[in-house]
Amino acid sequence: MTQPTPIRREHFARPLLLDLFCCAGGAATGYERAGFDVVGVDIRPRRNYPFTFHQGDALEYLAALIASGEIERFAFVHSSPPCQAGCALTVGTNRSRGWGGTHVDLVPPTRELLDATGLPYVIEQPNGRAEIRKDLTLCGEQFGLGVLRHRNFELGRWTVTRPAHVPHRGRVRGWRHGEFFDGPYVAAYGNGGGKPSVPELQTAMGIDWTDVREELTEAIPPAYAHWIGAAFLAQIRAEVAA
């Protein structure tokens, strides 16, 4: 089992957040802006990740933190397990055309370990058939972004009032069934079909520290995690003040 790397704390007044399956740090940047120090874990090397990073299996790393007691140094856990097993594209177009392969659903083992931490947590997934509670759903239009990018969040050991969904202003730009549609949003996935350039993706997502398309198309817009992190910390401060 992978042993956790010792964690350096430079800002002890800021709570420490564990970012599992972190990719290039879209969520992490939002949490950092909300007031957390962040440690990310991903199976792949993420040289563009802007905070403390550990390469390794996220669930092994979390299990090792629990076993060692080091998990007690954290205040919150964000997790974005790979979504291919349940995302709309996999269970829709890809399956109907015989594309893709078999994908392991990592949501249940992730939830089991998160429950074992005793900490408040988030499990994030895109729209599709992933078996999570949709306690919170966020959309880019709620934050004035150039993507829709609906994301669902299961909240463990804490709750928050769901914000109202803002009506969309139009379509996502791109080709659909041989016809091109214009619109105020770009499609933050794939390469063809009138997909945006990397600079367009960076602007639409609010991400400027990576220019790797794959990282941009997998990222959570920082605005989402900023909203979640700020809501959580506001609750903690209110409880302390009460």
Side-chain angles (χ1 to χ4, degrees), residues 4-5 7 9 11 14-44 46 48-66 70-83 106-126 130 132-138 140 143 149-160 162-163 205-207 209-210 215 218-236:
T5 302
I7 298 161
R9 296 293 309 278
H11 307 289
R14 293 167 61 91
L16 191 60
L17 182 143
L18 182 62
D19 180 20
L20 300 175
F21 311 99
C22 66
C23 194
T29 297
Y31 286 120
E32 192 275 338
R33 292 171 181 170
F36 288 93
D37 282 345
V38 183
V39 175
V41 185
D42 200 281
I43 195 71
R44 298 176 61 183
R46 298 294 184 181
N48 293 319
Y49 192 78
F51 309 109
T52 301
F53 174 76
H54 175 84
Q55 183 180 352
D57 183 283
L59 297 186
E60 288 186 4
Y61 189 82
L62 179 57
L65 284 174
I66 295 169
E70 281 289 296
I71 193 64
E72 296 179 6
R73 301 186 66 183
F74 292 88
F76 191 92
V77 186
H78 174 97
S79 63
S80 294
C83 62
L106 292 180
V107 170
T110 299
R111 182 187 294 111
E112 182 178 357
L113 281 174
L114 290 173
D115 284 335
T117 67
L119 296 175
Y121 64 80
V122 161
I123 302 175
E124 174 271 332
Q125 291 285 280
I132 68 167
R133 293 191 317 272
K134 297 179 181 180
D135 299 320
L136 176 66
T137 299
L138 297 178
F143 304 98
R149 206 156 186 78
H150 296 105
R151 287 296 182 267
N152 302 307
F153 302 86
E154 178 175 319
L155 311 182
R157 291 193 173 83
W158 74 291
T159 61
V160 67
R162 294 169 63 101
M205 296 278 288
I207 293 175
W209 62 91
T210 178
E215 293 182 341
E218 290 186 1
I220 302 170
Y224 293 14
H226 189 183
W227 189 95
I228 293 170
F232 175 77
L233 291 177
Q235 289 185 19
I236 297 302

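For this chain, numbers begin at 1 and follow the sequence in order. The figures here come from the full heavy-atom set of this structure, side chains too, leaving out hydrogens, waters and symmetry mates.
Atom OH of residue Tyr224 and atom CE of residue Met205 lie 7.5 Å apart, to the nearest 0.5 angstrom. Considering OG1 of Thr29 and CD1 of Ile207, their distance stands at 7.5 Å, rounded to 0.5 Å. Atoms CG and CZ, on Asp42 and Phe21 in that order, are 8.5 Å from each other to the nearest 0.5 Å. Thr210 contributes atom OG1, which lies 10.5 Å from atom CD of Glu218 (distance to the nearest 0.5 angstrom).
Using a 4.0 Å cut-off between charged side-chain N and carboxylate O, Asp135 and Arg133 make a salt bridge.
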Q: Might you work through the side-chain contact (heavy atoms from CB on, under 4.5 Å) test for Leu18 and Tyr61, ending with a clear yes or no?
A: CA-CA 10 Å; Leu18 182 62; Tyr61 189 82; 4.0 Å; yes

Q.
Please determine whether side chain to side chain donor-acceptor pair (under 3.5 Å) holds for the pair Glu215 and Asn48, giving the CA-CA distance in whole Å, both sets of side-chain angles, and the decisive distance to 0.1 Å.
A. CA-CA 9 Å; Glu215 293 182 341; Asn48 293 319; 3.1 Å; yes

Q: Assess whether side-chain contact (heavy atoms from CB on, under 4.5 Å) is satisfied between Ile132 and Asn152, documenting all intermediate values.
A: CA-CA 8 Å; Ile132 68 167; Asn152 302 307; 4.0 Å; yes

Q: Please report the C-alpha distance between Asp37 and Glu32 in whole Å, then the side-chain angles of each, then the deciding distance to 0.1 Å, and finally whether the side-chain contact (heavy atoms from CB on, under 4.5 Å) criterion is met.
A: CA-CA 6 Å; Asp37 282 345; Glu32 192 275 338; 5.6 Å; no

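Within the 4.5 Å cutoff, side-chain heavy atoms of Pro222 are placed close to those of Arg33. Residues Val39 and Cys22 form no side-chain contact, since every pair of their non-hydrogen atoms from C-beta on lies 4.5 Å or further apart. By the 4.5 Å heavy-atom criterion applied to side chains, Leu155 and Val160 are counted as neighbours. The shortest side-chain heavy-atom distance between Val41 and Asp57 does not fall under the 4.5 Å cut-off. For the pair Phe143/His226, no side-chain contact is recorded, criterion being any heavy-atom separation below 4.5 Å from C-beta on. The shortest side-chain heavy-atom distance between Ile228 and Phe232 does not fall under the 4.5 Å cut-off.
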For residues 74-82, run the donor-acceptor check on the side chains, cut-off 3.5 Å, and write out each pair with its distance to 0.1 Å, sequence neighbours left out.
unit_1: His78; atom_1: ND1; unit_2: Tyr31; atom_2: OH; d: 2.9
unit_1: His78; atom_1: NE2; unit_2: Ser80; atom_2: OG; d: 2.9
unit_1: Ser79; atom_1: OG; unit_2: Val122; atom_2: O; d: 2.9
unit_1: Ser80; atom_1: OG; unit_2: Glu124; atom_2: OE1; d: 2.8

For residues 106-117, dump all side-chain donor-acceptor pairs below 3.5 Å to protein atoms at least two apart in sequence or in another chain.
unit_1: Thr110; atom_1: OG1; unit_2: Leu106; atom_2: O; d: 2.6
unit_1: Arg111; atom_1: NE; unit_2: Glu154; atom_2: OE2; d: 2.9
unit_1: Arg111; atom_1: NH2; unit_2: Glu131; atom_2: O; d: 2.7
unit_1: Arg111; atom_1: NH2; unit_2: Glu154; atom_2: OE1; d: 2.9
unit_1: Asp115; atom_1: OD1; unit_2: Tyr121; atom_2: OH; d: 2.8
unit_1: Thr117; atom_1: OG1; unit_2: Leu114; atom_2: O; d: 2.6
unit_1: Thr117; atom_1: OG1; unit_2: Leu119; atom_2: N; d: 3.0

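Using modelled atom types, no side-chain atom of Arg46 and backbone atom of Gly40 make a donor-acceptor pair closer than 3.5 Å.
Applying the side-chain contact (heavy atoms from CB on, under 4.5 Å) test to Glu72 and every residue at least two apart in sequence or in another chain returns nothing. Under the side-chain hydrogen bond (donor to acceptor under 3.5 Å, both in side chains) criterion, Tyr49 pairs with Asp19, not counting sequence neighbours. Here Thr159 pairs with nothing under the side-chain contact (heavy atoms from CB on, under 4.5 Å) rule; sequence neighbours left out. Residues meeting the side-chain contact (heavy atoms from CB on, under 4.5 Å) test with Leu233, sequence neighbours left out: Pro15, Phe36, Arg237.
Residues Gly25 and Trp209 approach most closely at O-CZ2, 3.3 Å, considering heavy atoms. What you find for Ala24 and Pro50 is that their closest heavy atoms are O-CD, 3.5 Å.
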